[in-house]
Amino acid sequence: MLASELREKYFHFFKERGHIHIPSAPLLPENDPTVLFTPAGMQPLVPYLLGETHPQGRRLVNVQRCIRTNDIVEVGDASHLTFFEMLGNWSLGDYFKQESLAWSYEFLTNVLGLDPLRLAVTVFEGDDRAARDDESAAIWRKLGMPSERIFALPREDNWWGPVGSSGPCGPDSEIFFDTGKSGHPGCRPGCPCGKWFEIWNNVFMEYKRTPKGEYEKLSQRNVDTGMGVDRTVAVLNGMDDIFRIETVQPVVDCLERLSGRAYADTPRPFRIISDHVRAAVMAIADGAHPSNVDAGYVVRRMVRRAVVYAHQLGITQPFFGELSVVVLDIFSPVYPEIVTQCDSIAQVLEQEAQRFEHTLERGLKQYHRVIGNLLENEQKIISAEQAFDLFQTYGFPLPLTVELAEQADLQVDEAGFEHLFAEHQEISRRGMDKKFGGGLGDHTEQSTRYHTATHLLHAALRQVLDTEAGVRQMGSNITPERLRFDFAAVQKLTPEQLQQVEALVNQQIQRDLPVSYEVLPREAALNSGALAFFGEKYGEQVKVYSIGDFSKEVCGGPHVAHTAELGRFRIVKEEAVGRGVRRIRAVLE
Ligand code: SER
């Protein structure tokens, strides 16, 4: 089945059930400072979910163009896209769980013809803030779902929203398709092993989170559902790679033509370029031109990553123009409002790419000098130091160095690089400005996010613990997977304190605070009240990083430009690591 058929069938089904088809909102939200891009169909509807009257009534349906920036570093596998389309149907204080779940099931099994035996569902297991969703479980059983395929899961799996610091939210019930893979032992829907593919989410938005973090019942009970077009089309066509579906494949095909290489041989760079070009074209079409701030900054990062990965595929000629036309051909029939600017979108992208090429050229020259020396000395391994210099001075992400090395039949001391990287973060944290502005590699981007999160955590701990001596940092360690922060404290933190710290950090992320720095003489910096790392040796001049009004810390960087880039912050563990030293491990999701 084609994406176009899926959209039509969906609209038809819900129109027959009294829904009005509303247009997709733009990707750049109007009057909503809580998000950079529209992340879901419900976001433009927030005022109506909160009780405002919608001019089209209480039952709505649409397909929304969405971008989720948290997913940028995930792109490269078979299922992640930053730009995607979401089908949704809404009840604004009208029908609730019974109709919503019954219609979802009917649509999937009767209209789309999915085998009911390959579906499984989840419901909210309940906690101290909201009750277990027995009602949804009972509805699923009545619809014919066997009990062993109804999973009750905690808040982190089965509670949706709010997207910003406050707003509508509620328990959800997610529908998964079993790909038939054997899966991890004990695998259940939501397990990342790839056995279960999430296709539809039904959120029962009867709560509102207040800016203080409390949960209140809304005056009306809403339904918000979201079905990913790309994923569902992949499932319907028995594909386990969304880059093969008709709204993505033409971009991949065009890249194959431009590079003369096969997608199947090296899918990762093809996926990254295809995803980023789709997202950049659609974002620019909605007015997000590349820049150093906010949505424009995300577009800039995507363009630069696309250029780097295009080099890996051997594409050196301008390629954005041709790819933009392909992307617009795919989406202009679905979103007619975006067609008008075809020429200028290609032009904006080409100009942006050209500006970046120059820096990249310098890095490539240095790379060739390095391998020239190696070959002269009959060596086969690019040392950790050389790889690190390429990264630090020229902004080369490690995967790029590795890929280029492979082409020359050379290896890279990757473990040594990781070691240097961690050491650098931990000990010298100075002078590591990102040469390429946004940071190119997954490695850089992810660690940079953790670095900024560490500052937020440090400041939040000081607020929550509020001890006379303050919280003294004893160490920190960052990997692309998590952060670790050690500090002096006599007592274990209570669950409430941990929760407060976590909430405080997330609030700062949601406030999307700007991150900036100034260079000051060391004494002036320390006297200004900026936090400093115990045990760090500082030079005469230091950088002082500020995160809005929340944190001020002496540090070499790099950091993200805005806190919204961090996603969601979660404390995973708090423990003692020696006398008077506590350790917090946390992740960004
Ligand atoms: N808001 C929910 C989601 O994005 C359902 O639309 O998954």
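Scope of the values below: all heavy atoms of this structure, side chains included, with no hydrogens, waters or symmetry mates.
No side-chain heavy atom of Val123 sits under 4.5 Å from any side-chain heavy atom of Asp134. Considering only heavy atoms from C-beta on, Tyr309 comes within 4.5 Å of Arg268 through its side chain. When side chains are defined from C-beta on, Pro26 does not count as touching Thr38, because their heavy atoms never get closer than 4.5 Å. No side-chain heavy atom of Cys193 sits under 4.5 Å from any side-chain heavy atom of Lys181. Looking at Trp196 and Asp178, their side chains come closer than 4.5 Å, going by heavy atoms from C-beta outward. Residues Gln312 and Thr266 fail the side-chain proximity criterion, which asks for heavy atoms closer than 4.5 Å. With a 4.5 Å cut-off on side-chain heavy atoms, Pro250 and Asp329 do not count as touching. You'll find the side chain of Val277 stays beyond 4.5 Å of the side chain of Val326, heavy atoms only.
A donor-acceptor pair under 3.5 Å is absent between the side-chain atoms of Glu198 and the main chain of Gly190, judged by distance alone. Of the possible polar contacts, none joining the Gln98 side chain to the Glu135 backbone as a donor-acceptor pair under 3.5 Å is found. At least one donor-acceptor pair closer than 3.5 Å links the side chain of His54 to the backbone N or O of Gln56. Thr122 places no side-chain N or O within 3.5 Å of a backbone atom of Ser173 that could act as its donor or acceptor partner. Side-chain atoms of Asp275 do not come within 3.5 Å of backbone N or O of Arg271 as any donor-acceptor pair. Not one N or O on the side chain of Arg149 forms a donor-acceptor pair closer than 3.5 Å with the backbone of Val121. With Asp115 contributing its side chain and Leu117 its backbone, the two residues share a donor-acceptor pair below 3.5 Å. With hydrogens and angles disregarded, a donor-acceptor distance shorter than 3.5 Å links the side chain of Thr452 to the backbone of Val560. Judged purely by atom type and a 3.5 angstrom limit, Ser274 has no side-chain atom pairing as donor or acceptor with the backbone of Val251. Under a 3.5 Å cut-off, the side chain of Asn237 and the backbone N or O of Met1 do form a donor-acceptor pair.
For the pair Arg449 and Glu565, the salt-bridge criterion is not met [side-chain N within less than 4.0 Å of a carboxylate O]. A salt bridge links Arg7 to Glu85: one of the charged nitrogens lies within less than 4.0 Å of a carboxylate oxygen.
Note that CH2 of Trp200 is 5.5 Å distant from OG1 of Thr225, once rounded to the nearest 0.5 Å. Separation of atoms CD1 (Ile245) and CG (Leu236) is listed at 10.0 Å; rounding is to 0.5 Å. Atom CG of Asn222 is separated from atom CZ of Arg58 by 9.0 Å, given to the nearest 0.5 angstrom. Atom CZ of Phe319 and atom CG of Leu349 lie 9.0 Å apart (nearest 0.5 Å). To the nearest 0.5 Å, the span separating CD1 on Ile345 from CG on Asp286 amounts to 8.5 Å. To the nearest 0.5 angstrom, Arg568 atom CZ is 8.5 Å from Ile509 atom CD1.
Ile150 and Ala137 make their closest contact through CD1-O, 3.8 Å (heavy atoms, listed as atom of the first residue, atom of the second, distance). Closest approach of Cys169 to Pro162, counting heavy atoms only: CB-N, 3.6 Å.
The only member of Arg244, Arg278, Arg65 that meets salt bridge (charged side-chain N to carboxylate O under 4.0 Å, His left out) when paired with Asp230 is Arg278. Tested against Tyr10 for a side-chain contact (heavy atoms from CB on, under 4.5 Å), the candidates Asn89, Val63, Thr232 yield a single pass: Asn89. With His19 as the fixed residue, the ring pair (Phe, Tyr, Trp, His ring centres under 6.0 Å) test singles out one of Phe11, Tyr95, Trp90: Tyr95. Under the ring pair (Phe, Tyr, Trp, His ring centres under 6.0 Å) test applied with Phe204, the options Phe96, Phe124, Trp159, Trp160 reduce to a single match, Phe96.
Other residues, nucleotides and ligands place more than 12 heavy atoms under 6.0 Å from the CD atom of Glu125. Atom NZ of Lys208 is surrounded by 12 or fewer heavy atoms from other residues, nucleotides or ligands within 6.0 Å. Environment of NE2 in His21: crowded, with over 12 heavy atoms of neighbouring residues, nucleotides or ligands closer than 6.0 Å.
Aromatic ring pairs are classed by plane angle as parallel below 30°, tilted from 30° to 60° and perpendicular above 60°; the pair Phe243 and Tyr263 is tilted.
No cation-pi contact links Arg59 to Phe14, judged by a cut-off of 6.0 Å to the six-membered ring centre and 45° from its axis. Cation-pi geometry between Arg17 and Phe13 is satisfied (NZ or CZ under 6.0 Å from the ring centre, within 45° of the ring normal).
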As a quick check of understanding, evaluate side chain to side chain contact (heavy atoms under 4.5 Å, CB included) for Leu6 and Leu112, giving each step before the final call. CA-CA 8 Å; Leu6 172 64; Leu112 300 184; 3.8 Å; yes

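With 3.5 Å as the limit, one finds no donor-acceptor pair spanning the side chains of Asn506 and Glu502.
Remark: Arg221 engages no residue in a side-chain hydrogen bond (donor to acceptor under 3.5 Å, both in side chains) (not counting sequence neighbours). With sequence neighbours excluded, the residues satisfying salt bridge (Lys or Arg N to Asp or Glu O under 4.0 Å) with Arg155 are Asp127.
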